Q: 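Here it is, the structure in full.
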Amino acid sequence: MRRLMQLSFLALCLSTTVGCFVPIYSPRPERRVQQLLYTSEDMRSLVDEWERFWLIDQPSHLTPIRTHGGIM
């Protein structure tokens, strides 16, 4: 019984340190770059949404999309 507990504890420790068997990104480099770009763009917009939710975006949270205000 003690041996079984030790083996199960060892299996639990190893399973938490080993990554997933199925990789999240594609093995093809061009497809992987596209997936990484989409992921990073989602994470960037997540920060903006978080700041807008807590009303800490400056100068105002009333405009839904920021414009730089200059002459284009």
Side-chain angles (χ1 to χ4, degrees):
M1 182 69 179
R2 185 175 182 182
R3 189 150 189 95
L4 180 65
M5 292 292 286
Q6 289 175 342
L7 287 175
S8 63
F9 181 71
L10 180 65
L12 178 69
C13 288
L14 290 176
S15 68
T16 58
T17 58
V18 174
C20 185
F21 293 110
V22 180
I24 189 170
Y25 297 113
S26 174
R28 293 186 357 218
E30 62 275 1
R31 179 76 178 139
R32 185 173 50 238
V33 167
Q34 188 180 23
Q35 290 171 338
L36 288 171
L37 283 174
Y38 290 157
T39 304
S40 66
E41 184 67 26
D42 289 344
M43 295 304 289
R44 190 170 60 122
S45 67
L46 178 71
V47 172
D48 292 340
E49 289 296 323
W50 182 260
E51 289 179 350
R52 191 167 65 189
F53 177 77
W54 289 107
L55 304 177
I56 56 174
D57 55 340
Q58 294 293 327
S60 174
H61 62 276
L62 298 177
T63 56
I65 299 172
R66 293 276 162 78
T67 57
H68 82 52
I71 298 172
M72 296 177 77

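Since the model is a prediction, treat every value here as computed from it, not as a measurement.
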Q: Please examine the side chains of M5 and R2, heavy atoms only from C-beta on, and report whether any two atoms are closer than 4.5 Å.
A: no
Q: Atom CG of L46 and atom CD of E51: how far apart are they, to the nearest 0.5 Å?
A: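 L46 atom CG to E51 atom CD measures 10.5 Å (nearest 0.5 Å).
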Q: Might you confirm whether atom CD1 of I56 has over 12 heavy atoms from other residues, nucleotides or ligands at distances under 6.0 Å?
A: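 Yes.
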Q: Within the 3.5 Å criterion, strictly below it, is a donor on Q34 or R31 matched to an acceptor on the partner's side chain?
A: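 Side-chain D/A pair, Q34 to R31: present.
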Q: Looking at every heavy atom in both Q35 and Y25, which two are closest together, and how far apart are they?
A: OE1-CA, 3.3 Å
Q: Do F9 and L4 share a hydrophobic cluster, counting only Ile, Leu, Val, Met, Phe, Trp and Tyr and linking them when any side-chain heavy atoms are less than 4.5 Å apart?
A: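 Each belongs to a different hydrophobic cluster.
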